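Presented below is the structure to which this report refers.
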Amino acid sequence: MGRRFLSTIKGKIIVYVTLVMVISTAVNLYFTNRDVGQAMLVTQEKSARNILHSFYLVIRENYHQLLTSKRAMTLTKRNQLKQKARMIQSVFTGFCTAVTPGDDSRSGIQKALAWINNTPFENTDFYIMDEDFNLISSSNKKMGKGAYRTIEDIKDRKIAEVMQFDNLNHHGDFAIFNTVGENDRSGHVLAFFLPFSPRKYTIGVSVDISGIEAEAQAEKEKCISSLNEYAGRLTITKSGFVCMVGADDTILIPPPDLGENTKDIIRCIKEKTGIQQIRTTDIADISEIRYVARSDNGGSRTMIIYSTYFKPFKWYTGVVIPLNEINAAAKQLVVRQSIIIGLMCIVGIIAVFVLVSRISKPLTLLSHYARRLPRRDLSKPLPEDSPIDALIKKHKDEVGTLAASFLLMRRELNKNIQNLIQSTTARLRMESDLNIAREIQLGMVPKTFPFFADHPEFDLYATLTPAKEVGGDLYDFFLIDEDRLCFTLGDVSEKGVPSALFMVITRTLIRTLSEKMESPGIVMEKINEILSADNPRFMFVRLVIGIFNFRTGEILYANGGHNPPVVMPCNSECYFKKGNTQPVVGAVPGISYTDISLRLEPQDSFFLYTDGVNEAMDADSKQFSSERQLAVLEFNKENSAEQVINAVLGAVRKHAGNAVQSDDIAMLMIKYQGSDFI
């Protein structure tokens, strides 16, 4: 039962469709299971990257604000220092200029220092150094005479060297360094140094800028606080989180308590964030890290960490997402999709079964009808009604069209069988007539050899192989008198029955007009006049008519558009006899034909052929060629006429192979034995 079901179209369609749907469902489930998890992972990755990018933008904006604020305050301080240094320089210049002639110039310096020491500078310290950078006077009483010899600025330059009078630019220069302030607290100091030329002094003015750093630190704290609030509002899966840490392991945004895993996560964020790339750019590069977290009960779970680094603040920001929570959501979606796809597959299979059963019912009826149809006698008229006529009216779809096609096939089969019977009868009658015509045609040419057994002075042989049942090639030979032989070979322009009839007429005219033949050219002229006088199909014949005197070996012939004959001397190579070749016979009246003569020596031969020999083609349409024909004749010229012709015919058939014979083949050969045989 199962094999019978599978052998029907219905069974095959149901099995194939079911198989396709099952495979499609399996493939769909496979790719759904594979791609959904990947898609959710990509989505979470995009979300994490967006979070990191937003953190980066906030931090960068805060950094730019701090940078702008520090730059503005620093610029104000720098301007204040320049003004005070130039004021001190002008005081020195004024007092030194006011010294009376004959007084010591030091008195002017002493007066200037006294004035400066008594002038309040409001949070600003001043320093006066000699040319060896020894401290002469200072508002900072804690600075010793050689205090500046060991101080270095933040660029690692020694102040005593770069700010010494001989090395200092006459416009002055700035430096930032650390110094001891009140309560022995160190602080950042911004200083401006200006040279005083008359005494090679260096004037220094400084201000404590620790307050600027304190304000910047306060702004950083505000930024960290706002980022903590933002991180607290984020929802990253069930237990994902954001953390941020400084370069000195200061936790800026604390992660949840994960035990020992907390330190490992922070270490991963700092070590595997791609710092080497970040050192060359301030653009936020995001790194992806896989970390396996161990739990107290011996289990583990994989976490994906996306992290970035902000170089100016040296802050590391990480978004940590447990991979199992992403996979759990993906599995729920896959299970739901699998149930839906499975139900759709089952419903589809049921629908296919019902639909195929409905479609196959009329097809089964058509199948039974088709099995009975060959047993009917279609050679007789068929009844008008059949079992499938109702299907045409009931079904307006492809089933109805198929039923109509069956009825049309039945009518056409009946018609074709009757026509086939008639055409077969006519074809058999035609084939019988053609066979009879072939026998008559071949019976008209001499085919029994040796034909002239009582004339040993020459050896003659000829053959004719039509391409169809009947052909248009001809050969003939007969004795004119006791010393002369008339021979002819021709090729009618067409093939088949018309060319055969034209050939018969040509042969009859040759025999009729050659009873007292003296000139083959004159006979050919008469035949041309007769054939061209009434030739509605414009047929013509390529013809050679010749007279062979077997007493003397002389040949006299006329060529009407035929291939040149081959002369086969016994003592030299074969060659084509190039003569005065006139037009074909039967096409145009009023043409004159001339005679061509030659003499054969004993053992010489004269060979005639139609173009079915040299133009015979193989399967690749390559011709046998006149050169190959001449080579075969040369190789076999010492043999008898029959052997030579059979050798040429064999070479032609070997060349053609399986190709169909394209033209009639006719050959005639006369081998002169000499008059000694008389």
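Count residues from 1 along the sequence. Because only heavy atoms are used, hydrogens play no part in the values below, and waters and symmetry mates are left out as well, while side chains stay in. Just so it is clear, the model here is predicted, and its values are computed rather than measured.
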How many angstroms lie between atom [atom1] of [X] and atom [atom2] of [Y], to the nearest 0.5 angstrom?
X    : Y    : atom1 : atom2 : result
S592 : I522 : OG    : CD1   : 10.0 Å
L464 : L668 : CG    : CG    : 11.0 Å
L608 : H562 : CG    : NE2   : 7.0 Å
I480 : N549 : CD1   : CG    : 10.0 Å
M667 : I645 : CE    : CD1   : 6.0 Å
M617 : S625 : CE    : OG    : 13.0 Å

Of the non-hydrogen atoms in [X] and [Y], which two are nearest, and what is the gap between them?
X    : Y    : value
L460 : F449 : O-CD2, 3.5 Å
P569 : Y575 : CG-CE2, 3.8 Å
F477 : Y475 : CE2-CE1, 3.9 Å
F451 : P446 : CE1-CB, 3.8 Å
P565 : N559 : CD-ND2, 4.3 Å
S605 : K671 : OG-CG, 3.2 Å

Side chain proximity check, [X] to [Y], heavy atoms < 4.5 angstrom:
X    : Y    : result
P564 : K578 : yes
Y461 : M669 : no
V648 : L633 : yes
T506 : L474 : yes
L649 : I665 : yes
F607 : M568 : yes
L485 : F458 : yes
V584 : N528 : no

side-chain contact (heavy atoms from CB on, under 4.5 Å) between M524 and L543, worked out = CA-CA 8 Å; M524 192 173 288; L543 186 64; 4.3 Å; yes

Just by modelled atom types, is the [Y] backbone N or O under 3.5 Å from a matching donor or acceptor in the [X] side chain?
X    : Y    : result
Y609 : L489 : no
N535 : A587 : no
Q643 : S640 : yes
N636 : N639 : no
T488 : I545 : no

Just by distance, with hydrogens left out, do [X] and [Y] show a side-chain donor and acceptor under 3.5 Å apart?
X    : Y    : result
T610 : D473 : yes
S519 : D595 : yes
T465 : Q661 : no

Salt bridge (Lys or Arg N to Asp or Glu O under 4.0 Å) pairs touching residues 639-655, sequence neighbours excluded, are none

Margin query: Under the salt bridge (Lys or Arg N to Asp or Glu O under 4.0 Å) definition, can you give me all pairs with a residue in residues 621-641, not counting sequence neighbours?
Written below: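 Salt bridge (Lys or Arg N to Asp or Glu O under 4.0 Å) check on residues 621-641 returns E634-K637.
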
Should we say atom [atom1] of [X] is surrounded by more than 12 heavy atoms from elsewhere, each under 6.0 Å from it?
X    : atom1 : result
F576 : CZ    : yes
N658 : CG    : no
L513 : CG    : yes

With sequence neighbours left out, the residues meeting salt bridge (charged side-chain N to carboxylate O under 4.0 Å, His left out) with R484 are D481, E518

Contacts satisfying ring pair (Phe, Tyr, Trp, His ring centres under 6.0 Å) that involve residues 634-670 (not counting sequence neighbours) are F624-H655

Steps toward side-chain contact (heavy atoms from CB on, under 4.5 Å) verdict (L509, I530): CA-CA 9 Å; L509 290 174; I530 295 171; 3.8 Å; yes

Check the pair E525, I591 against side-chain contact (heavy atoms from CB on, under 4.5 Å), reporting the backbone distance first and the verdict last. CA-CA 7 Å; E525 289 179 9; I591 298 176; over 6 Å; no

_Ring centres under 6.0 Å, that's the criterion: do F487 and Y557 meet it?_
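No, too far apart.
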
* For the rings on Y672 and F550, is their centre-to-centre separation under 6.0 Å? ->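 No, too far apart.
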
Across all chains, not counting sequence neighbours, the side-chain hydrogen bond (donor to acceptor under 3.5 Å, both in side chains) partners of D611 are none

key: Which residues share a side-chain hydrogen bond (donor to acceptor under 3.5 Å, both in side chains) with N614, sequence neighbours left out   =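 For N614 the side-chain hydrogen bond (donor to acceptor under 3.5 Å, both in side chains) partners, ignoring immediate neighbours, are S626.
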
- Item | Chi angles and distances behind the side-chain contact (heavy atoms from CB on, under 4.5 Å) call for V585, R542 | CA-CA 6 Å; V585 179; R542 298 181 180 90; over 6 Å; no

